[in-house]
Amino acid sequence: MRDLIEACTPLIYDSVTELGINEEDISNLIGPSTVGTMADVAIPCHSLSRILKKSPVEVSEQISTAISPHLQGLALTSSMNGFVNLKAHPEWLANKTMELLADKMMGIKKDASRKIVVDYSAPNVAKEMHVGHLRSTVIGDAIVRMLVFKGHEVIRENHIGDWGTPFGMLIEHLIDLGEESFTSRKGISDFDQFYKEARVKFDQNDMFAERARSRVVLLQGEDSDTLRLWKVLVDVSTGYFNEVYDMLGVLLDDGDIMGESAYRHLLPTVVERLHESGMLEESEGASVVYLGGKWVNREGDPFPVIIRKGDGGFNYSTSDLACIIDRVERISCDELIYVVGTPQKQHFEMVFEVASRAGFMDERHTAKHINFGSVLDSNGQMLKSRAGQSVKLVDLLKESIKRADNAISEKNPGLTGKDKDRISKMIGIGAVKYADLSTDRTKDYVFDWDKMLSFEGNTAPYLQYSHARISRIFSLSPVSRKSMVDSSIELFTEEEETLARCIVNFAESFDKSISSMQPHKLCTHIHATSSAFATFYEACPILKAENEEIMTSRLALCDLTARVISTGLELLGIQSPEMM
RNA sequence: GGGCGAUUAGUGUAGUCUGGAUAUCAUCCCGGCCUUCUAAGCCGGUGACACGGGUUCGAAUCCUGUAUCGCCCGCCA
């Protein structure tokens with residue numbers, strides 16, 4: 001209701017001066033009503049009572065009386081308990097709603113475009129993708145979609161783990177197995193097995209461990225044969241990642257890959273620049289930066305950011321610093337966003353601090369760690385399969401689709417064949433994504449099949465079902481959906497008004513969601529809209545409305561509701577089926 | 001030991017930044033509603049701000065203390 005506040009505020013200023021109230025006194029008091037059914041906008045008058053030396057109830061009554069005539073056709077005014085309440089006038093609301101019929105953006109305004117790098121997903125080469133990667137991928141993708149919609153230039157970067165000491169043992173293991181055998185068995189979800197085999201050999205076989213260590217040296221020396229073998233591992237892995245991304249329906253592809261290896265030539269530069277800035281210190285043979293302040297370790301000693309290890313190798317902090325240099329200087333981005341779990345909060349705080357102090361970025365750049373909580377099992381532990389392994393992401397997605405398929409079979413036996421497969425996929429994947437996006441991302445959540453695939457409650461299937469119901473109405477309608485663009489909307493009932501309010505508030509909810517990078521705010525709004533639709537659907541006949549005027553008005557509301565749902569879900573990376 | 005965060009009906013959640021009225025939504029449970037556009041739906045009912053102090057006309061929200069829980073403090077990423 002920010003539009004209503006915007007429209008009313010100057011009129012309120014004008015009309016309260018005669019009461020001896022000036023702008024400063026009242027401007028901070030005008031805000032959204034906290035008692036939903038009573039009003040859209042409220043002004044609590046308790047603090048004004050001291051200035052005017054009257055009771056809050058009296059003040060609210062006077063203000064209400066004073067502003068009422070000035071808000072004709074805009075809002076209905078009343079007062080209660082010392083609050084002035086403004087409720088959107090049905091005609092104003094109807095007009096606002098109609099404006100959206102021809103607006104593809106559903107009232108959302110584009111921002112001045114910024115160049116934003118979003119770093120998300122980040123699986124490891126030659127390792128399985130597990131649920132740990134789910135949140136980063138799903139949340140990151142939603143944020144990317146929202147930022148693009150808002151008019152920004154977004155550069156997706158998938159910072160895959162494709163470099164470092166483990167590759168010595170992985171490459172040697174690849175040699176032992178034979179490339180043919182590896183690439184053909186890639187079948188593909190056997191990475192955990194592959195990695196484990198290499199690890200076991202490394203730990204138990206000294207000769208193998210020695211080979212692995214020499215191989216790391218060769219890799220870092222960019223020996224061509226070693227690089228070729230490394231590339232085999234990378235290619236097979238990225239091929240696998242793409243399958244998962246395709247299944248999940250996220251935007252990431254090969255062009256977005258910027259693995260750790262991509263920054264390897266920048267690492268010495270990081271050291272040099274830190275050295276030049278005088279921040280680098282030597283400690284036990286390693287090169288480190290001490291930030292001081294709250295950064296102390298277990299023993300209370302200063303706790304360093306390690307830039308170069310004692311053995312000359314680089315640390316992940318170095319790689320992240322190189323990344324910042326690359327993003328600021330090569331890409332010249334305005335904003336850096338990292339969609340990475342909460343456990344790495346301190347790491348990013350320290351890296352950002354080092355980068356600012358060293359001048360890798362300045363006031364023009366903002367770096368944000370978009371953190372998120374863990375996915376837990378029903379015992380409150382990090383989600384693992386029974387064998388104690390992390391659950392494979394593909395297996396999880398396949399199961400979700402299967403469960404969705406079963407649910408459809410039961411609920412709509414008429415739906416079969418290709419349509420059914422397609423819709424099972426939309427529902428299964430949508431359910432997993434929505435469960436991840438619909439609660440505050442900074443909190444942990446418990447993975448629960450029954451809840452996420454339920455067709456009741458704040459779930460993707462409920463929203464998708466609402467969308468399918470509306471699509472059904474249009475498939476039976478004598479009036480085409482396209483013709484809705486210039487329909488006239490009139491709000492006859494309470495239910496229509498509530499629904500219209502949701503539709504009009506979509507843009508505001510979206511803006512709050514993206515400015516705080518909290519997708520769940522958008523989820524909450526879509527759910528409220530769907531729920532308002534369901535109530536409207538029960539109470540107001542649409543195709544059987546008493547006359548054509550009412551029917552088209554209601555159909556227009558249906559069209560807008562469906563667009564709120566489908567646009568909203570689309571921005572979250574979830575599809576809206578036209579039937580279920 | 002230090003740092004960070006969490007705690008809201010039986011369960012799960014929103015609201016906390018920016019203090020405002022009767023704390024959101026959902027689920028569970030109980031009771032109603034299908035000869036009418038998809039009942040996968042709708043309507044009604046029961047039920048919660050961890051505990052103590054402070055600031056304020058007013059605190060779930062701000063400050064502070066306590067308890068419980070989680071995470072981080074690796075020359076792993």
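Just so it is clear, the structure is predicted and the values come from calculations on it, not from any experiment.
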Counting side-chain heavy atoms from C-beta on, which of [options] comes nearest to [X]?
{"X": "A:H527", "options": "B:rA40, B:rC25, B:rC75", "result": "B:rC25"}
{"X": "A:T535", "options": "B:rC43, B:rC57, B:rA40", "result": "B:rC43"}
{"X": "A:I542", "options": "B:rC37, B:rA39, B:rC76", "result": "B:rC37"}
{"X": "A:Q344", "options": "B:rA77, B:rU27, B:rG12", "result": "B:rA77"}
{"X": "A:H46", "options": "B:rC71, B:rG20, B:rU38", "result": "B:rG20"}
{"X": "A:E456", "options": "B:rC57, B:rU27, B:rC25", "result": "B:rU27"}

Within this structure, what is the [atom1]-to-[atom2] distance between [X] and [N], rounded to whole angstrom?
{"X": "A:H347", "N": "B:rA77", "atom1": "NE2", "atom2": "P", "value": "9 Å"}
{"X": "A:L280", "N": "B:rC75", "atom1": "CG", "atom2": "P", "value": "16 Å"}
{"X": "A:E494", "N": "B:rC42", "atom1": "CD", "atom2": "C1'", "value": "16 Å"}
{"X": "A:F167", "N": "B:rC76", "atom1": "CZ", "atom2": "P", "value": "16 Å"}
{"X": "A:K512", "N": "B:rU24", "atom1": "NZ", "atom2": "P", "value": "17 Å"}

Please work out whether the ring planes of A:Y462 and A:H527 are parallel, tilted or perpendicular, with thresholds of 30° and 60°.
-> tilted

Which word best sums up how the rings of A:F533 and A:F536 line up, parallel for under 30°, tilted for 30 to 60°, or perpendicular for over 60°?
-> tilted

Can you check the distance between [N] and [M], where both ends of the measurement are the [atom1] atom (answer in whole Å)?
{"N": "B:rC72", "M": "B:rG31", "atom1": "P", "value": "48 Å"}
{"N": "B:rG47", "M": "B:rU38", "atom1": "C1'", "value": "33 Å"}
{"N": "B:rU7", "M": "B:rA50", "atom1": "C1'", "value": "6 Å"}
{"N": "B:rC28", "M": "B:rG12", "atom1": "P", "value": "15 Å"}
{"N": "B:rC62", "M": "B:rU55", "atom1": "C1'", "value": "8 Å"}

Can you pull every protein N or O that's under 3.5 Å from an N or O on nucleotides 21-23 of chain B?
{"residue": "B:rA21", "atom": "OP2", "partner": "A:T34", "partner atom": "OG1", "Å": "3.1"}
{"residue": "B:rA21", "atom": "N7", "partner": "A:T34", "partner atom": "OG1", "Å": "3.1"}
{"residue": "B:rA21", "atom": "N6", "partner": "A:N85", "partner atom": "OD1", "Å": "2.7"}
{"residue": "B:rA21", "atom": "N1", "partner": "A:N85", "partner atom": "OD1", "Å": "2.9"}
{"residue": "B:rA21", "atom": "N1", "partner": "A:N85", "partner atom": "ND2", "Å": "3.0"}

Less than 4.0 angstrom between a side-chain N/O of [X] and OP1 or OP2 of [N], yes or no?
{"X": "A:R554", "N": "B:rC37", "result": "no"}
{"X": "A:R472", "N": "B:rU38", "result": "yes"}
{"X": "A:K345", "N": "B:rG3", "result": "no"}
{"X": "A:Y462", "N": "B:rU27", "result": "no"}

Is [Y] close to [X] at the side-chain level, that is, under 4.5 Å between some pair of heavy atoms?
{"X": "A:F167", "Y": "A:Q220", "result": "no"}
{"X": "A:I337", "Y": "A:Y120", "result": "no"}
{"X": "A:L393", "Y": "A:T137", "result": "no"}

Using a 90° cut-off around 0 for syn, call B:rC69 syn or anti.
-> anti

Any residue meeting side-chain hydrogen bond (donor to acceptor under 3.5 Å, both in side chains) with A:R215, in chain and number order, not counting sequence neighbours | A:E172, A:T226

Go through the structure and list residues passing salt bridge (Lys or Arg N to Asp or Glu O under 4.0 Å) with A:R308, not counting sequence neighbours.
-> none

Side-chain donor-acceptor pair present, A:N371, A:R441, cut-off under 3.5 Å = yes

Could you tell me whether the side chains of A:S576 and A:H467 share a donor-acceptor contact shorter than 3.5 Å?
-> no

So the ring-ring contact (aromatic ring centres under 6.0 Å, His included) pairs with at least one residue in residues 540-562 of chain A (sequence neighbours excluded) are none

Under the 5.5 Å and 30° test, is A:F455 stacked on the base of B:rA40?
-> no

Which atoms of nucleotides 13-18 of chain B (N or O only) lie under 3.5 Å from a protein N or O atom, and what are those distances?
{"residue": "B:rA14", "atom": "OP1", "partner": "A:D440", "partner atom": "N", "Å": "2.8"}
{"residue": "B:rA14", "atom": "OP2", "partner": "A:K443", "partner atom": "NZ", "Å": "3.2"}
{"residue": "B:rG15", "atom": "OP1", "partner": "A:H520", "partner atom": "NE2", "Å": "3.3"}

Under 3.5 Å, is there a donor-acceptor pair between the side chain of A:H369 and the main chain of A:V340?
-> yes

A:E495/A:R554 salt bridge by N-O under 4.0 Å criterion = no

State yes or no: are the ring centers of A:H525 and A:F510 separated by less than 6.0 Å?
-> no

Please tell me which of A:T342 and A:S454 maps to the more 5' nucleotide of RNA chain B, matching each residue to the nucleotide holding its nearest heavy atom.
-> A:S454

Those stems involving RNA chain B that have three or more consecutive Watson-Crick or G-U pairs, both distances under 3.5 Å, are B:1-7 with B:67-73, B:10-12 with B:25-27, B:29-33 with B:41-45, B:50-54 with B:62-66

